[in-house]
2 protein chains.
Amino acid sequence: MIKTTTGPGRPRRKDPDEVRQALIAAARDQFAQGSFKGVSVREIARAAGVNQAMVNYYFGDKRGLYEAMLQETIGPLIRTLEEAEARGEVARLEDLIPRHAATLAANPWLPNLIIREVLYGESEFRNLFIEKFASRVAAALRRAIDGGRDKGELRDDLDPRFGTLILFSLTIYPFVARPVVERAMGIPIDDAFAGRWSEQILQLLAPPKPPPEDEDP
Amino acid sequence: MIKTTTGPGRPRRKDPDEVRQALIAAARDQFAQGSFKGVSVREIARAAGVNQAMVNYYFGDKRGLYEAMLQETIGPLIRTLEEAEARGEVARLEDLIPRHAATLAANPWLPNLIIREVLYGESEFRNLFIEKFASRVAAALRRAIDGGRDKGELRDDLDPRFGTLILFSLTIYPFVARPVVERAMGIPIDDAFAGRWSEQILQLLAPPKPPPEDEDP
DNA sequence: GGGTATATTAAACGATCGTTTAAATAGTGC
DNA sequence: GCACTATTTAAACGATCGTTTAATATACCC
């Protein structure tokens, strides 16, 4: 029988990176549901199934864990976006918007982390976040808008700067406000939502199509 | 000369309601900038210029102060909206949207309080908030949308339920994301913004405009 | 002008927070 | 098998949190 001492020590060995990853994942979920101060290191460690001192051991302090979490969760998403952009896969709004909406829907922690970073006075790393995330998504949106505008695929009464803000608002808010949207508006935010919502957004930005019949592509 | 003792007691009398109001105002500003757990009772009391025990004396506990603050800050805005609605002043989207945007712009604490209530897992009083605020604004928006739709003032490819969500997203997000919008998109959120933004929103929802122009304001 | 309820204060309380520490175990190189 | 290092643990630390308390100065009533 294996003797388990109750005092300090090191009973079993896990892969150290496994502990690190468990902490990152737990922190990601916890910080998405609560504010930076509202989530305790003890909660995160318990959710990760590791001793709370591991936070300081691997990340220095709570802030270090938060920063590493942001880098290792949002970072890959940004990288994937930029690769897709480099391959020209998201040059058109018809491709970029559904992709962006699907990403927000597939990673439930993402919209909340974003909005907490964005919230005035709340973020611990807003500068970093704006540089590494918001400005790059904004740039991608802006490029797609400019491209669509040049090709006449966008309505002409749209200020391109406002266009970026419109797309940001429409893609992020519904996922952040999910409980309110579902309960006060009766709109279920389910698997099908991202697709239908993207279509609605694109329709809004499309040039007036139906009534007259003198259009030249 | 007035003798000021340093021990406990009651040095000077203020109007009790003045203390109460100071706490409400301080709580409103503090809770707009930080999360419920992120803001301390000591900070609020210091910002209000009163002893921290006054929070418990007047409101029972921190939660009571937060709840009273919500009631006494958002409550009047809702009441004013409903009165305007009863007088038929906001039946049309052209009236409701600029009014709503102006309210959000004129009360800098409002957008952040709203988004914190809306944030999943963050709110302390989401049920109350949804009942008393979100559902009423949503209803007003919905009525205006239905009215505009009946009169053909809205594009016909707009799902009315999505319409409400579109308006919610577009009116709240820019004010909440102010620092990001200004720095990552270069759009200043100043006094003129609410008006120009409202126009842009209304343009998006308007039906494809007729080719000739037969209207001049 | 004296008595009483109300408002205010500084201090203290217990709980929880993030972090540190000292001990102890498991792996690694020899 | 043995030293050595990395990893994990329970416990403790000081700080801060929300709240309570005891004391007391003020306003009000008669």
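Remember, predicted model here, so these are calculated numbers, not experimental data. Throughout, protein chains are lettered first and strands after them, A, B, ... in sequence-line order, and every chain is numbered starting at 1.
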Let me know the distance between [atom1] of [X] and [atom2] of [N], rounded to the nearest Å.
X	N	atom1	atom2	value
A/Asn51	C/dT20	CG	P	14 Å
B/Asp17	C/dT6	CG	P	16 Å
A/Arg46	C/dG18	CZ	P	13 Å
B/Arg20	C/dT8	CZ	C1'	17 Å
B/Leu65	D/dG18	CG	P	11 Å

Cut-off 3.5 Å, no hydrogens considered: what does the side-chain donor-acceptor table look like for residues 93-111 of chain A, sequence neighbours left out?
| from | atom 1 | to | atom 2 | distance (Å) |
| --- | --- | --- | --- | --- |
| A/Asp95 | OD2 | A/Arg92 | NH1 | 3.2 |
| A/Thr103 | OG1 | A/Arg99 | O | 3.0 |
| A/Asn107 | ND2 | A/Thr103 | O | 3.0 |

query: Below 6.0 angstrom between ring centroids: does that apply to B/Phe175 and B/Phe193?
result: yes
message: Applying side-chain contact (heavy atoms from CB on, under 4.5 Å), can you list everything that pairs with A/Val181, at least two apart in sequence or on another chain?
response: A/Ala177, A/Ile187, A/Ile189, B/Leu165
query: Would you say the side chain of A/Phe31 lies within less than 4.5 Å of the side chain of A/Asn112, judging by non-hydrogen atoms?
result: no
task: Within residues 53-61 of chain B, find the residues that approach DNA chain D with a heavy atom at under 4.0 Å, and present them sorted by residue number.
output: B/Ala53, B/Asn56, B/Asp61
- prompt: Taking protein heavy atoms under 4.0 Å as touching, what does nucleotides 12-17 of chain C look like 5' to 3' if B marks base contact, S marks sugar-phosphate-only contact and - marks none?
  reply: B----B
Under 3.5 Å, sequence neighbours excluded: what are the donor-acceptor pairs made by side chains of residues 44-55 of chain B?
| from | atom 1 | to | atom 2 | distance (Å) |
| --- | --- | --- | --- | --- |
| B/Asn51 | OD1 | B/Ala53 | N | 2.8 |

message: Taking side-chain hydrogen bond (donor to acceptor under 3.5 Å, both in side chains) as the definition, give me every residue that meets it alongside B/Thr73, ordered by chain and number, with sequence neighbours left out.
response: none
query: Between B/Lys62 and B/Phe36, what is the shortest heavy-atom contact and its length?
result: NZ-O, 2.7 Å
- request: May I ask you to check whether over 12 heavy atoms, not counting those of B/Asp190, lie within 6.0 Å of atom CG?
  value: yes
